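Heads up: the structure comes next, in structure tokens.
Values in this document were obtained by computation on a predicted structure and should not be read as measured data. Reckoned from all heavy atoms, side chains included, excluding hydrogens, waters and symmetry mates.
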Amino acid sequence: VEPHGEKKTLDVINPATEAPCANIAVAGKEDVDAAVSAAKAALPAWRNTPPAERIALVEKLLEIYDARAGDVAKAVSTEMGAPLSVAATRQVPAGKSNIAGVVAAAKVFEFEQSVKNGRDEEKYRIVHEGIGVC
């Protein structure tokens, strides 16, 4: 994505070598506003996507993460200055655990709940839905 307004960049420094290892764009107010607008525009479609489909998408993300674990380990090692073995055995599994935790929580979360009256008839339905990005 091309930055809006003035194009500022920042070197990413590998702490192990103290050498630049990447160059990233620095977001300005216009960039943040554009990102917030994009998130707001995407929310209705995401909110209306059935939970099973959302879970499947996050499972696909986990599958891609697993397939690219070596690339993630190299990037983490370079950006953090950590030995590749540490990135591969500690940092990459931590990321995988976070994504897998989202999947596991979503699979047991009650997105809809029925509240019954004294005659065991459904009186209310509570629907949990996303309201924004935090």
Side-chain angles (χ1 to χ4, degrees):
V1 175
E2 282 296 315
H4 295 81
E6 185 180 351
K7 296 179 181 179
K8 294 182 181 179
T9 61
L10 179 70
D11 285 336
V12 177
I13 305 298
N14 179 331
T17 65
E18 296 185 353
C21 60
N23 188 269
I24 58 172
V26 176
K29 180 183 181 323
E30 292 175 349
D31 299 302
V32 173
D33 290 345
V36 169
S37 292
K40 284 181 179 179
L43 180 61
W46 180 251
R47 180 176 43 226
N48 293 325
T49 302
E53 191 174 330
R54 286 186 264 165
I55 291 168
L57 288 168
V58 180
E59 287 175 324
K60 181 66 175 174
L61 172 65
L62 184 56
E63 181 183 313
I64 293 167
Y65 186 90
D66 279 342
R68 304 227 22 222
D71 294 331
V72 174
K74 287 177 191 169
V76 168
S77 174
T78 301
E79 290 179 8
M80 291 182 58
L84 184 58
S85 62
V86 171
T89 62
R90 299 284 187 249
Q91 300 296 337
V92 172
K96 177 179 179 172
S97 176
N98 288 335
I99 300 168
V102 168
V103 171
K107 284 183 173 181
V108 298
F109 186 77
E110 292 184 53
F111 289 92
E112 292 190 22
Q113 296 171 300
S114 295
V115 178
K116 299 184 179 200
N117 64 17
R119 294 181 298 274
D120 211 28
E121 299 167 334
E122 181 176 294
K123 185 166 182 155
Y124 303 104
R125 179 171 296 273
I126 299 171
V127 179
H128 299 275
E129 58 183 34
I131 60 169
V133 178
C134 62

More than 12 non-hydrogen atoms from neighbouring residues, nucleotides or ligands closer than 6.0 Å to [atom1] on [X], yes or no?
X	atom1	answer
F109	CZ	yes
E18	CD	no
R68	CZ	no

Interatomic spacing from [atom1] in [X] to [atom2] in [Y] - rounded to 0.5 Å:
X	Y	atom1	atom2	value
R125	K116	CZ	NZ	9.5 Å
T49	I55	OG1	CD1	12.0 Å
Q91	L84	CD	CG	12.0 Å
E129	L43	CD	CG	8.5 Å
T9	I24	OG1	CD1	9.0 Å

Donor-acceptor pair, [X] side chain versus [Y] backbone, under 3.5 Å?
X	Y	value
S77	A82	yes
S37	D33	yes
D11	I13	no
D31	G28	yes

Linked, directly or transitively: V72 and V58 (ILVMFWY side chains, under 4.5 Å)
yes
Original post:
Transitively linked via ILVMFWY side-chain contacts under 4.5 Å: I64 with L62?
Top reply: no
Nearest atoms (heavy-atom pairs only) where A87 meets V76:
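What the structure gives for the nearest pair is CB-CG1, 3.9 Å.
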Indicate the atoms forming the closest heavy-atom contact of A34 with H4, along with that distance.
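Smallest interatomic distance, heavy atoms only, reads CB-CE1, 3.6 Å.
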- prompt: Would a 4.5 Å heavy-atom cut-off, applied to side chains only, mark H128 and I126 as touching?
  reply: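 Of all side-chain heavy-atom pairs linking I126 with H128, at least one is under 4.5 Å.
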With a 4.5 Å cut-off on side-chain heavy atoms, are N98 and Y65 touching? no
